[in-house]
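In this chain, numbering begins with 1 at the start of the sequence shown. FYI, side chains are in, hydrogens and waters are out, and symmetry mates aren't considered; it's all heavy atoms of this structure.
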Amino acid sequence: MNRIRVFITPLPCFDYCYNNYRYSSFLSPLGNDNVHQLRAHDVVLAFKEWFKSRQRYVRPSVDSIYVILNNTDDAVVIDSELSKLELRLDERFVLDVLNSGEDVLSCLKFFDWAGRQRGFLHTRATFYAIFKILSKAKLMTLMTDFLDSYRKQSGVCKTRFYNTLVMGYAVAGKPDVALRLFGKMRFHGLDLDEYCYHVLLNALAEQSCFDAFDMVAKQIEFRGLQSSVTHAVLVKGLCKKKEWDRAESYTRDLVTSGVGLSEAVIGTLVAGLCKDKMFERAAEVVEEFGGSKVPLHTAYNMWIRDLVRAGELEGALNILKKMKGLDGPDVFRYNLLINKLLKKNRHMEVYDLLMEMMERRLCPDEETMNCVLCFFCKIGLVDEAVHLYDAKVEFGLSANSTTYNFLINTLCAEGNTVEAYRVLRGSLTQGYIPGQNSFSIVADALCREGKVDEMKDLVLVALERNFAPSSSIYSKFISAMSKNNRVEDGYMLHGQLNQLNKVTSRHAYMSLIDAFKKTNRGDIAIRLLIEMQEKGHDPTPTTFKHVIELLFDMDNPEQKFFRMLEIQLSRQGQKRQVYRLFIFAAGHAKKPELARAVYDKMSDGNITPDVKTNVHMLLSYLKSQRTASAVRFFNDLKGERKAGKKLCQSLIIGLCRMNQAEMALSYVKEMKRDNETPSLRCYEELVLVLCRNNKYDEVVNVVDDTIRDGRTLSTFIGNLLLLHSFRAENLYYYWVRSRHNTTSFSWEIGELIRAFSPYISDIPDIEDLEEVIQQLFPMDIFTYNLLIRRVIMAKRIPKERRMERACTLFMRLRQKGLEPNKMTYDCIVHGFAKFGMKSEAKIWSEEMERRGFASPKSGKVIYERASRRDPKPIPQCLMIDDDF
C-alpha cells in the first residue's frame with residue numbers, strides 16, 4: 001500500500017466495531033510506513049463495519065429480492081427464483097421492498113410480480129408508492145400508459161378502481177384527468193376515501209390549481225376527514241400562493257383553537273419559506289413554535305435541505321449544531337450536506353459529519369457509501385477507496401455513476417491504470433454507464449501504456465452493455481493497436497465503428513495504413529486509402545507514398561499503379577495535385593520511369609506542370625541515382641526557360657546527397673553567374689559533403705562565399721566546422737593558407753577552429769570561447785556538447801579543473817533553456833571515468849539512466865568501459881550522421 005498522503009490536517013480516526021468506536025490520529029505526517037498502513041487499514045475496517053451494520057436495519061430478504069431482479073428480465077425465471085424465498089406478502093413488506101429499490105425497473109418488476117401472487121392485492125398505499133417512484137424518475141409517459149391500460153380492465157371493485165386512477169393521475173401531474181374521474185365517481189354515487197382525498201389535494205397544490213384546491217378542501221372538511229395531513233397540505237397551498245402572513249396566521253390558529261399543531265405543518269411552512277429564500281423568516285417561525293412542544297425534526301430537516309440547495313452551507317452547519325440535543329437530521333439530509341461540502345473541498349466538515357452519523361448509529365445507504373468513496377479519493381486515500389469499493393457487495397450496496405467517474409479519474413491521476421481499467425470494466429458489467437470523459441481518460445492511459453488486450457476487452461464489454469464509446473476513443477484505440485503491432489484488432493475496431501455509422505479519424509486511418517504497410521498488406525491499405533477519402537479525409541503525401549510503394553510489391557504493379565491513378569483522377573478530377581502526388585510517390589519508390597509517364601500524361605492532358613511538380617520529377621531521378629537523366633531534365637527545362645531558382649537549388653541539394661560535390665559546385669557557380677544567390681540550405685549541403693570527402697580547401701571557399709553573399713553563418717555549418725576541427729589536423733592549415741582571400745569574419749572562424757583543434761593548441765577560458773562562438777553563430781545543444789568535449793580534452797589544464805568547467809557548461813546550457821541529450825551525458829561520464837573519478841562517474845551515469853538515456857553504449861556501460869581503458873581521442877558520440 002502506498003504511503004498515505006496528507007491533504008488535510010491530522011484527523012481523528014474511528015474504529016467502529018459493532019457497539020463501540022474510538023478516536024486516534026491516522027492522517028498525521030509520520031515517517032513510518034507500517035504505521036500509515038495500519039491506520040489506513042483501521043479506517044477502511046471502521047467504515048466496513050459501519051456499512052455491514054445496515055444489515056440490522058434492512059431485511060436480508062429485501063437484498064435477496066433485488067439480487068434476483070437485477071440479474072434477469074425473464075418473468076419466468078423471476079417467478080421461479082422469488083417463489084423459492086417463500087415470502088409473506090403484506091402491505092408493509094411490499095412498501096419496504098419498493099422503498100429500498102435502487103432503480104425503477106427493478107421496482108416495476110417486483111410490483112408486477114407481487115400483484116400476480118395469490119392472496120395479495122395491491123393497496124392504495126402500494127399503488128401510491130409505485131406512482132411516486134415513477135414520478136420521481138420523471139417517467140410520466142410510462143405512468144400514464146399504465147393508468148390508461150388499468151382503466152380498460154374489468155372485474156375489479158369500482159370504488160377501489162376509481163380511487164387508484166384518481167390517485168395515479170394526480171401523482172402523474174394530470175390533475176385535470178383526476179378531477180374528471182372524481183366527478184364521474186360522484187355521478188355514480190361513489191366517493192374517494194380519506195387517503196385519496198389528501199393525495200388529490202396535495203397534487204392540486206403542487207400544480208397550483210387553486211380553485212379546484214379550495215373545492216376539494218371544502219369536501220374534506222364537509223365529510224369530517226380533516227387531520228394533521230389536511231392542515232399541512234393547506235399550509236402548502238398558502239405557501240404556493242406566497243401568502244406567508246395567512247400561512248403563519250393559520251398555523252397560530254391551530255395552536256390557539258386547540259386543534260393542535262403537528263410536526264408536518266411547521267415543516268411545510270419552513271420548507272415554503274426556505275424555497276423562497278426567506279431563511280431569516282423561517283428561523284423566526286422555528287423559534288416561535290419551538291416552545292409548543294411540537295417536534296421540530298421535520299422542520300429542521302426541511303430547513304437544512306433548502307439551505308444546502310441554496311448553497312448556504314454555513315447556515316446548514318449551524319442548524320446541525322442546534323439539533324445536537326434532538327434526533328438530528330435523517331440520512332438523506334446528511335448525504336445532501338456532505339455532497340455539497342465535498343464539492344467545496346471542505347474535508348474537515350465532511351469527516352465530522354461522517355463521524356456524527358456513525359455515532360448516532362444511522363443506517364448508511366448507497367449515497368453514504370458513495371460520499372465516503374469520494375472523500376477517500378479527495379484526501380489521497382485512493383488505495384483505501386478501492387478496497388472499500390471492492391467490499392461493496394458485502395454491504396448490499398452499489399456505487400453510482402458519479403462515484404465510478406470520480407474513482408476512475410483519481411486512479412488515472414495517480415498513475416494506477418490497471419485499477420482504473422478494472423473499476424471501469426466493473427461499472428460496465430454492473431450496468432452503470434460511465435461518462436465519455438472518464439472512458440476517454442482510461443482510454444488515453446491504456447493507449448499511453450500500450451495495454452492492447454485491455455483496450456480490446458473494454459470496447460467489447462462496452463458494446464455488450466449498449467454503451468458506444470465516442471469516435472475519438474475508437475480512433476485512439478485503433479491508432480494504439482496499430483502502433484503495438486495489433487493491426488488485425490485495430491482493423492476490427494474500425495469495422496465496429498463503421499457499423500455504428502461513426503467516422504474513423506484521419507490519424508487513425510493513417511495509423512492503420514502504416515501498420516498494414518509494415519505487414520505488406522497492400523490490398524487492405526489501398527482499400528483504407530480510398531475509404532478514407534470517401535469519409536472526407538485527405539491523405540498526406542507520405543501516406544500516399546506508403547500505399548504506392550505497396551503496389552510495387554504486388555502482382556502487375558504498373559497496371560495497379562495506373563489503375564490507382566485513374567481512380568484518383570475520377571474521384572478528384574484532373575487536378576495538378578493528383579499527378580504531383582503520384583510523381584512524388586513513384587520517385588520515393590525509385591521508379592523514375594513511372595514518374596515520367598505520369599509527368600507526360602499530365603502534359604498530354606493540357607495541364608502545365610508547376611514548380612513543385614518539376615521538383616518532384618527532378619528528385620525522382622536523383623533518388624534513383626540517375627544523375628544524367630536529372631541533368632538532362634533540368635537542361636531541357638532551362639532551355640524552355642522553365643527552370644527557376646528553386647529547381648536549380650533542388651538539383652544542387654540532390655547532387656550533394658548523391659556525393660557529386662564537383663557537379664554541385666559547378667551549378668552553384670552557374671547560379672552566381674546568373675546573379676542568383678543560392679539558398680543557405682545549398683551551402684549547408686555543400687559544406688557537409690565536402691567535409692565528408694576531406695576537401696577542406698573547398699570548404700573554406702564555400703564558407704567565404706556564404707559570408708560574402710551577406711548570409712550569417714548557420715548553426716549547422718558552424719557545428720560542422722567545429723566537429724571536423726576535432727577530426728582533421730589539416731583543416732586549420734587550409735584556413736590559414738587562404739587568409740589572403742578571407743574576410744575578417746572568416747578569419748575569426750579560423751581562430752575558433754584553431755582553438756577547437758586538439759592537434760594545434762590548448763583551449764582558452766570557456767567563458768571567452770563561448771562568447772566568441774555566440775558572436776559567430778547561434779549555439780545549440782550540439783555546440784555545447786562539442787565545447788564540453790573540447791574542455792575535457794584540454795591536456796594542459798588539471799583534470800579536476802577540466803571536469804569543473806564541463807559541469808559549468810552543463811549548468812549553463814540548462815539555464816539557457818536547452819535540454820541535455822544522450823551525447824551530453826556520454827561526454828561527461830566518459831570524462832569522469834577517464835580521470836578515475838569513479839564516484840562522480842557513477843552518479844552521472846545513474847542520472848543519465850533516470851533521464852531515459854540508458855542504452856548499451858551509455859550510462860553504467862560507458863562508465864565501466866572507460867574505467868578499464870582510455871577512450872579513443874575522438875569518441876563515437878561525436879561522429880556525425882545523415883540526420884545531423
Side-chain angles (χ1 to χ4, degrees), residues 90-96 98-99 111 115 120-135 143 147 150-151 156-240 247 250-251 253-255 257-269 271-272 294-295 298:
D90 56 28
E91 182 183 81
R92 183 69 260 160
F93 181 74
V94 172
L95 290 174
D96 284 345
L98 292 176
N99 292 331
F111 185 85
F120 177 78
L121 291 174
H122 280 300
T123 65
R124 61 187 180 184
T126 59
F127 272 113
Y128 183 71
I130 195 66
F131 292 155
K132 288 292 287 183
I133 290 170
L134 291 171
S135 176
M143 190 169 170
L147 292 169
Y150 187 66
R151 290 176 70 177
V156 294
C157 173
K158 279 192 174 182
T159 303
R160 178 171 171 269
F161 172 75
Y162 279 116
N163 270 279
T164 302
L165 286 177
V166 170
M167 181 173 59
Y169 281 112
V171 176
K174 292 195 171 185
D176 51 337
V177 180
L179 288 171
R180 283 200 299 271
L181 288 170
F182 177 47
K184 191 173 183 180
M185 284 181 70
R186 298 299 300 275
F187 180 77
H188 289 292
L190 303 174
D191 202 356
L192 295 173
D193 57 25
E194 180 182 351
Y195 189 93
C196 291
Y197 259 120
H198 285 100
V199 170
L200 177 58
L201 184 67
N202 185 66
L204 292 169
E206 291 287 349
Q207 296 294 323
S208 300
C209 301
F210 297 121
D211 291 338
F213 176 85
D214 294 337
M215 181 269 293
V216 173
K218 289 177 181 177
Q219 292 293 319
I220 292 173
E221 182 182 5
F222 178 72
R223 284 164 177 72
L225 301 177
Q226 281 187 322
S227 65
S228 59
V229 177
T230 317
H231 303 318
V233 177
L234 289 173
V235 170
K236 177 186 283 190
L238 293 171
C239 291
K240 280 281 185 179
Y250 180 83
T251 306
D253 290 344
L254 291 175
V255 178
S257 64
V259 173
L261 191 61
S262 69
E263 184 179 7
V265 172
I266 299 179
T268 302
L269 179 56
V294 178
T298 301

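In this structure the side chain of Asp191 reaches within 4.5 angstrom of the side chain of Phe182, judged on heavy atoms. Residues Phe213 and Lys240 are not in side-chain contact: their nearest non-hydrogen atoms beyond the backbone lie 4.5 Å or more apart. A heavy-atom distance below 4.5 Å is not found between the side chains of Thr230 and Leu225. Here the side chains of Leu269 and Cys239 are in contact, with some heavy-atom distance below 4.5 Å.
Between Asp253 atom CG and His231 atom NE2 the span is 11.0 Å, to the nearest 0.5 Å. The CG atom of Leu200 lies 11.0 Å from the CE atom of Met167; values are rounded to the nearest 0.5 Å. With rounding to the nearest 0.5 Å, the separation of OG1 in Thr268 from CG in Leu238 is 11.0 Å. Between atom CG of residue Asp96 and atom CD of residue Glu91 there is a gap of 10.5 Å, rounded to the nearest 0.5 Å. Here the CG atom belonging to Leu201 is positioned 4.5 Å from the CD1 atom belonging to Ile220, to the nearest 0.5 angstrom. The distance from atom CG of Asp211 to atom CG of Leu179, rounded to the nearest 0.5 Å, is 11.0 Å.
In this structure, the side chain of His198 does not engage the main chain of Val233 through any donor-acceptor pair within 3.5 Å.
In plain terms, the two heavy atoms of Ala170 and Ala178 that are nearest each other are N-CB, 4.0 Å. Here the closest non-hydrogen pair linking Ala129 and Leu95 is CB-CD2, 3.7 Å. Nearest heavy-atom pair, Val265 versus Ala232, reported as atom, atom and distance to 0.1 Å: CG2-N, 3.7 Å.
For Glu206 and Lys236, the salt-bridge test passes: some basic side-chain N is under 4.0 Å from an acidic carboxylate O. In summary, Lys218 and Asp214 do not engage in a salt bridge, as defined by a charged side-chain N under 4.0 Å from a carboxylate O.
The aromatic rings of Phe111 and His122 sit parallel, their planes meeting at an angle under 30°, below the 60° perpendicular limit.
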